[in-house]
Amino acid sequence: MNVPFLDLHAGYVELKPQIDEAIARTLDSGYYIGGSEVEQFEAEFAAFVEARHCVAVGNGLDALTLALRSTGIGPGDEVIVPSHTFIATWLAVSALGAKIVPVEPNTESMNMDPERLETAITDRTRAIVPVHLYGQPAPIEAILEIARRHNVPVVEDAAQAHGATSLARKIGSHGRAVTWSFYPGKNLGAFGDGGAITTNDGQLAEELRQRRNYGSRKKYEHEIQGVNSRLDPIQASTLRVKLTHLNEWNNRRANIAKRYLSDLSGLSLKLPEVSSACEPVWHLFVVRHEDRDGFARRLQALGIQTLTHYPTPCHQQGAYSADDLPAFNLAEQLSREVLSLPIGPHMTDPEVDAVVDSVRKAA
Ligand SMILES: *Cc1c(COP(=O)(O)O)cnc(C)c1O
């Protein structure tokens with residue numbers, strides 16, 4: 001049996017009548033930028049992640065960049081980011097001309113390590129950007145405690161964590177701002193690009209609404225230099241449909257993860273660790289293997305498609321070759337060992353069985 005890494009089309013097939021209706025309704029409304037679909041999605045998503053405000057934007061990278069810009073960061077400032085993350089986390093900081101200060105992950109959780117974070121803080125640190133990587137919440141309470149002591153704002157990159165909880169509280173309003181991506185492959189994905197920022201700070205939400213729309217609150221009045229980064233109403237209308245299924249989809253992911261955790265134990269691979277304080281949403285199910293490439297090839301031969309998140313750490317990318325960054329050994333080691341197994345809300349039981357059987361043979 002062939003198991004694809006992720007079947008995005010299945011999400012459309014399941015909800016085709018509602019999604020087609022939402023798109024038709026939006027086209028009929030005559031509103032193609034802003035308007036009630038966007039506003040309703042913002043209200044519904046804010047409620048889902050237990051935040052007071054949601055500001056929808058064009059994509060997850062813009063969400064990060066705008067949230068960081070609102071903290072006043074600029075050249076000469078330092079921003080702490082994980083050494084092990086998707087490059088968007090880094091690019092948002094670089095776009096503002098600030099200096100990247102990477103911290104190595106906790107080797108078990110692969111998320112930000114609060115102890116390493118604290119040693120990286122200097123008197124030029126202007127923001128901390130933890131990432132809730134793979135759908136596993138970073139230790140946000142410990143990170144916030146350190147940030148509070150040093151009086152540094154926290155902007156959370158939650159692009160992989162829609163619906164995750166830490167100490168029974170949803171990720172969505174712990175830090176000053178929390179940024180989201182609705183890239184199609186995320187747990188909540190649009191049929192194109194999309195993103196958002198959630199926050200409990202009403203003044204910040206107001207500023208972000210202005211920033212995403214040419215720095216304008218009133219048409220043709222521009223008090224600040226903003227950008228054009230808006231979630232379009234067609235995407236908002238489809239996200240509203242999908243949001244009503246997100247809990248169910250996250251539960252399905254959790255069931256698959258539970259199955260993998262029980263049936264793949266005792267093999268020569270390292271399974272993901274789950275902190276007892278958290279409920280992850282299993283955006284990815286990432287195992288580690290000493291011979292990762294061989295393992296992936298053996299799985300491929302058995303029909304199981306896997307991906308690597310991520311094969312090259314940010315500091316070794318061409319984009320950062322001029323930055324003269326030191327080695328980050330843990331990020332490099334993870335990039336050699338990690339492998340993402342198929343997981344998604346529309347995987348069938350036979351597909352899950354096939355992954356389990358194949359991993360048991362190939363590990
Ligand atoms: C997907 C992702 C982003 C960026 O989102 P886009 O919508 O693709 O711009 C940022 N950070 C992380 C961790 C991501 O996984």
Side-chain angles (χ1 to χ4, degrees), residues 5-6 8 41 45 49 54-69 79-96 100 102-103 105 109-112 127-138 140 143 154-164 171-172 175 177-198 208 212 227-232 235-236 238-239 242 250 253 272 280-286 307-315 317 319-320 331 334-335 338 340 343-344:
F5 181 72
L6 179 66
L8 278 180
F41 171 69
F45 189 68
V49 302
C54 170
V55 180
V57 297
N59 56 68
L61 174 59
D62 283 355
L64 270 169
T65 311
L66 289 167
L68 285 169
R69 190 179 287 284
V79 177
I80 298 178
V81 298
S83 61
H84 178 63
T85 182
F86 178 58
I87 198 166
T89 321
W90 285 42
L91 290 175
V93 175
S94 304
L96 301 175
I100 300 267
V103 293
S109 70
M110 300 187 268
N111 260 320
M112 187 174 267
I128 299 165
V129 189
V131 180
H132 305 294
L133 199 66
Y134 306 149
Q136 310 271 352
I140 190 66
I143 292 168
V154 172
V155 172
E156 299 165 67
D157 182 345
Q160 304 187 354
H162 318 71
I171 296 299
V178 183
T179 70
W180 306 89
S181 164
F182 306 121
Y183 177 81
K186 307 289 162 129
N187 288 39
L188 179 62
F191 295 95
D193 276 314
I197 303 141
T198 56
L208 291 166
R212 74 174 168 184
V227 297
N228 174 1
S229 185
R230 302 174 293 219
L231 180 71
D232 73 65
Q235 296 304 343
T238 67
L239 285 167
K242 285 184 157 191
N250 281 343
R253 287 174 187 271
V281 288
W282 299 104
H283 174 58
L284 296 169
F285 190 94
V286 177
L307 291 178
T308 298
H309 299 90
Y310 298 91
T312 306
C314 300
H315 67 281
Q317 296 283 355
Y320 286 95
L334 289 179
S335 73
V338 292
S340 306
I343 194 165

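All ligand and atom numbering here is 1-based and tracks the order in the structure. All heavy atoms count here, side chains included; hydrogens, waters and symmetry mates do not.
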For each nitrogen or oxygen atom of ligand 1, which protein N/O atoms lie closer than 3.5 Å, and how far apart are they, rounded to 0.1 Å?
unit_1: ligand 1; atom_1: 5 (O); unit_2: Ser181; atom_2: OG; d: 3.1
unit_1: ligand 1; atom_1: 7 (O); unit_2: Gly60; atom_2: N; d: 2.7
unit_1: ligand 1; atom_1: 7 (O); unit_2: Ser181; atom_2: OG; d: 2.6
unit_1: ligand 1; atom_1: 9 (O); unit_2: Gly60; atom_2: N; d: 3.2
unit_1: ligand 1; atom_1: 9 (O); unit_2: Leu61; atom_2: N; d: 2.9
unit_1: ligand 1; atom_1: 11 (N); unit_2: Asp157; atom_2: OD1; d: 3.3
unit_1: ligand 1; atom_1: 11 (N); unit_2: Asp157; atom_2: OD2; d: 2.7
unit_1: ligand 1; atom_1: 15 (O); unit_2: Gln160; atom_2: NE2; d: 2.8
unit_1: ligand 1; atom_1: 15 (O); unit_2: Lys186; atom_2: NZ; d: 2.7

side-chain hydrogen bond (donor to acceptor under 3.5 Å, both in side chains) involving Ser83 - partner list, sequence neighbours excluded: Glu104
Closest non-hydrogen atom pair between His283 and Ile343, with its separation: O-CG2, 3.9 Å
Side-chain heavy-atom pair Pro82, Thr89 within 4.5 angstrom cut-off: yes
Listed by chain and number, what are the side-chain hydrogen bond (donor to acceptor under 3.5 Å, both in side chains) partners of His132, not counting sequence neighbours? Glu156
Who pairs with Phe86 by ring-ring contact (aromatic ring centres under 6.0 Å, His included), at least two apart in sequence or on another chain? Tyr310
Please verify the inter-ring angle class for His162 with Phe182; under 30° counts as parallel, over 60° as perpendicular, anything in between as tilted. tilted
